[in-house]
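Model, not experiment: these values are computed from the prediction.
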Amino acid sequence: AGNHPAASLVQTSSCYTAYASGDVFDLFQPTAGKPTLRMRDAYVSCREGSVEFTLSCDLAGYDKARLSFAWLLNSFRSADETAKKKQ
């Protein structure tokens, strides 16, 4: 949430990927003269640091895109782990 100081935090939750679980922050970001931006910012820890996934769109598009965002998170995996499974 620190990456978006003007945004309001709506809720936090966990997300799950094929690699590891992570943390999700749902935010509302006011914009000048435009509809409010709704954001879902997910972070998954890895050896090198963390991976950030961000969904941002207007309120109407957010509900439509939320399922696709979950599918994206579910498909995230480590290339090293994928290679090991193929051996």
Check whether any side-chain heavy atom of [X] sits under 4.5 Å from a side-chain heavy atom of [Y], and report yes or no.
X	Y	answer
Val44	Tyr19	yes
Val10	Ser8	no
Tyr62	Arg40	yes
Arg38	Asp26	yes

Between atom [atom1] of [X] and atom [atom2] of [Y], what is the distance when rounded to the nearest 0.5 Å?
X	Y	atom1	atom2	result
Asp63	Asp58	CG	CG	10.0 Å
Leu72	Thr17	CG	OG1	10.0 Å
Thr12	Asp41	OG1	CG	12.5 Å

**Report entry** Apart from Val24 itself, residues in the same hydrophobic cluster as defined by side-chain heavy atoms under 4.5 Å
**Finding:** none
Query raised in the report: Which heavy atom of Cys15 sits nearest a heavy atom of Asp23, and at what distance?
Result: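 Looking at all heavy atoms of both residues, the closest pair is SG-N, 4.2 Å.
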Query - For Asn74 against Arg77, the heavy-atom pair lying closest together - result: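 Looking at all heavy atoms of both residues, the shortest contact is O-NH2, 4.4 Å.
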Please check if [X] and [Y] belong to a single hydrophobic cluster, counting links between Ile, Leu, Val, Met, Phe, Trp and Tyr side chain heavy atoms closer than 4.5 Å.
X	Y	result
Phe69	Leu59	no
Leu55	Val51	yes
Leu9	Leu37	yes

Requested in this report: Kindly determine whether Thr54 and Glu52 satisfy side-chain hydrogen bond (donor to acceptor under 3.5 Å, both in side chains), including the steps that lead there.
Outcome: CA-CA 7 Å; Thr54 304; Glu52 178 183 9; 3.3 Å; yes
Report task. Would you check if the distance from the ring center of Phe53 to the ring center of Phe76 is below 6.0 Å? Result ->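 Judged by ring-centre distance (under 6.0 Å), Phe53 and Phe76 do meet the cut-off.
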